[in-house]
Amino acid sequence: MHLRSSLAIVLIALSLWSCKEDDKSAELAYEKEQAKQVEEEKILEFGFDLNNYVVKRDTIKSGDSFGEILQRHNIGYPAIFEIAEATKDTFDIRKLHPGRPYTFLYTKESQKDSLPSPETFVYQNTQEEYVVIGLKDSIHAYTDRKPITYVEKTATGVIESSISNTLEEKGLSQRLAHKMADDIYAWTIDFRRLQKGDRFKVIYTDKYIDDTIYAGIKDVKAAYFEHNGDSLYAFQFESDSIKGIVDYFNEDAKNLRRAFLKAPVQFSRISSRYNLKRRIAVYGYKVRPHKGTDFAAPIGTPIMATANGTVIESTRRGGNGKFVKIRHNATYSTQYLHMKAQNVKKGEFVKQGDIIGWVGMTGNTGGPHVCYRFWKNGKQVDPFKEKLPEAEPISDSLKVKYLEYIKPIKQQLDNIHFLEATPKETQTTITEDPIL
């Protein structure tokens with residue numbers, strides 16, 4: 001009997017100990033869950049947990065200066081001068097652009113002051129890049145950028161009236177149309193003459209900032225277009241890693257583009273063509289040859305190099321205004337007139353599509369445009385009447401690598417079914433961490 005009582009006491013004790021352990025485990029699990037929730041509730045931006053601050057946001061207004069902005073937030077001029085001097089190697093206070101956002105971070109304790117002043121100033125130069133200036137204690141500044149995520153997607157469409165309408169109906173970016181028309185099929189498909197029933201498939205990459213802010217299409221990896229009875233594949237491939245030249249090639253490794261773009265500006269119209277017999281009323285209808293092609297576009301529109309080459313002039317002269325001239329090889333040169341400003345210097349190597357300046361009205365011009373001039377063997381000619389050379393083909397040493405590279409991509413394209421209602425998002429997601 002005594003033994004049974006002792007055994008019962010031991011079992012009860014073990015049971016109580018087990019309950020305590022279970023309670024302890026449950027308590028630890030609860031604490032971990034609470035800690036996890038607190039971690040998840042953090043609002044992280046610019047490397048700060050915004051929960052710990054009073055956040056005030058605004059945008060640069062026309063006429064705003066760095067000093068005026070700081071003064072409005074209770075920072076006096078002696079401190080402003082000290083901040084500007086301490087951060088001048090990182091941040092040029094004169095380069096504040098209207099419309100760009102900025103943020104002030106105040107500590108919560110500072111709100112007890114009658115005139116609270118911020119601890120940190122953040123200026124967003126672009127959607128991705130920003131400058132952080134510490135305004136208290138050890139004044140400092142550094143640049144950083146938000147994390148970028150790339151998501152690979154696919155889309156298809158069948159043309160009813162135009163590619164723009166097809167993309168709009170599917171809720172897809174019009175940038176896809178520009179990519180296909182200007183970057184991929186510019187020399188193989190006339191997108192102004194698409195036919196009803198033409199159809200396409202694309203594999204492209206969307207860009208997101210902070211995982212949530214859509215920042216447009218990064219690039220098109222591959223495309224397939226059925227047009228006028230032809231099946232046209234296109235695969236993106238880096239043909240020159242030293243110069244960073246990326247082209248589109250078909251399934252047989254043939255380059256799809258010519259050595260020259262059709263136009264130096266996107267989304268423009270030809271306002272005046274090459275015409276050696278042109279007569280102008282203001283000059284009494286005398287013959288005034290026009291040896292260039294004018295592309296009308298708003299001031300500030302980027303001007304692109306139409307082919308790879310070396311800048312031989314970047315200057316301003318007479319009626320040409322500000323201009324850039326590029327030698328592409330021993331045969332061809334191009335010139336771009338009336339720029340608002342140049343973006344390249346003499347001696348620089350530029351790639352096809354690089355921004356070399358912006359549309360302006362310098363020199364003799366009645367409206368904003370770029371006058372595009374084209375030389376062949378030292379003589380100005382009409383590029384639209386020239387049979388321009390194809391771009392360089394893939395080297396023999398790279399061809400085998402290219403054909404092996406496109407095999408899985410071509411299979412992926414072939415397996416995409418037409419008439420998808422929405423773009424299909426793949427599992428390929430790459431996060432680009434901020435530079436530390």
Side-chain angles (χ1 to χ4, degrees), residues 43-48 50 53-75 77 80 83-84 87-106 117-135 140-150 173-175 178-179 206-218 265-268 296-304 322 338-344 353-362 367-370 432 434-435:
I43 304 175
L44 297 175
E45 191 175 4
F46 312 121
F48 298 90
L50 300 189
Y53 299 90
V54 173
V55 181
K56 296 185 180 181
R57 302 179 188 269
D58 205 341
T59 56
I60 304 295
K61 307 297 189 299
S62 181
D64 271 352
S65 70
F66 182 66
E68 288 170 339
I69 292 170
L70 293 190
Q71 191 180 34
R72 289 201 294 264
H73 289 263
N74 304 321
I75 297 177
Y77 273 110
I80 292 170
I83 292 165
T87 61
K88 64 183 180 182
D89 292 335
T90 303
F91 177 57
D92 188 343
I93 63 173
R94 298 168 298 176
K95 294 184 178 179
L96 296 178
H97 298 280
R100 302 281 169 81
Y102 64 87
T103 304
F104 280 104
L105 302 181
Y106 292 75
S117 61
E119 183 177 86
T120 305
F121 171 77
V122 183
Y123 172 67
Q124 292 178 250
N125 190 40
T126 66
Q127 274 191 312
E128 301 168 27
E129 296 179 351
Y130 57 89
V131 179
V132 176
I133 299 179
L135 305 173
H140 62 282
Y142 61 88
T143 58
D144 208 335
R145 63 186 179 88
K146 294 185 173 184
I148 302 168
T149 301
Y150 299 108
S173 171
Q174 291 296 324
R175 188 67 184 152
H178 301 315
K179 285 280 187 183
D206 266 344
K207 181 178 178 181
Y208 294 87
I209 299 172
D210 275 341
D211 287 330
T212 56
I213 303 171
Y214 179 64
I217 293 173
K218 178 179 179 286
V265 284
Q266 292 182 330
F267 327 128
S268 63
I299 290 176
T301 301
I303 299 172
M304 302 176 293
K322 294 180 180 180
H338 311 306
M339 290 181 167
K340 176 183 178 182
Q342 302 99 319
N343 194 42
V344 291
D354 282 352
I355 305 303
I356 57 172
W358 297 272
V359 170
M361 290 182 59
T362 57
H369 72 280
V370 55
E432 187 176 294
I435 299 171

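Position 1 is the first residue of the sequence; numbering continues from there. Remember, it's a predicted structure, so these values are computed and weren't measured experimentally.
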Residues that [X] engages under salt bridge (Lys or Arg N to Asp or Glu O under 4.0 Å), provided they are two or more places apart:
X	result
Arg100	none
Lys218	none
Glu129	none

With a 4.5 Å heavy-atom cut-off, do [X] and [Y] have their side chains touching?
X	Y	value
Leu105	Leu50	yes
Val55	Glu45	no
Ser65	Leu96	no
Val265	Met304	no
Leu70	Phe104	yes
Arg145	Ile209	no
Lys340	Thr362	no
Asn343	Trp358	yes

Restricting to side chain to side chain donor-acceptor pair (under 3.5 Å), what partner residues turn up for [X], sequence neighbours left out?
X	result
Lys207	Glu128
Tyr53	none
Lys56	none
Asp206	Lys153, Tyr214

Going by side chain to side chain contact (heavy atoms under 4.5 Å, CB included), name the residues that satisfy it together with [X], two or more places apart in sequence or in a different chain.
X	value
Lys179	Arg175, Asp183, Val220
Ile133	Phe66, Ile83, Thr87, Phe91, Phe121, Val131, Leu135, Ala141
Lys61	Asp58, Thr59, Asp64

Donor-acceptor pair, distance only, cut-off 3.5 Å: does the side chain of [X] make one with the backbone of [Y]?
X	Y	answer
Asp92	Arg94	yes
His338	His369	no
Ser117	Ile75	no

Any idea which heavy atoms bring [X] and [Y] closest together, and the distance?
X	Y	value
Thr103	Arg57	OG1-NH1, 3.5 Å
Val359	Ala297	CG1-O, 3.4 Å
Ile299	Gly360	CG1-CA, 4.4 Å
Gln127	Ala215	OE1-CB, 3.9 Å
Pro298	Pro368	C-CB, 4.5 Å
Tyr123	Lys95	OH-O, 3.7 Å

Please list, chain by chain and in numerical order, all residues satisfying ring pair (Phe, Tyr, Trp, His ring centres under 6.0 Å) with His140, sequence neighbours excluded.
none
Run the ring pair (Phe, Tyr, Trp, His ring centres under 6.0 Å) test against Phe46 and tell me which residues pass, sequence neighbours left out.
Tyr130
Check the pair Tyr208, Ile148 against side chain to side chain contact (heavy atoms under 4.5 Å, CB included), reporting the backbone distance first and the verdict last.
CA-CA 6 Å; Tyr208 294 87; Ile148 302 168; over 6 Å; no
Output for pair (Gln342 CD, Ile355 CD1), nearest 0.5 Å, gives 14.5 Å
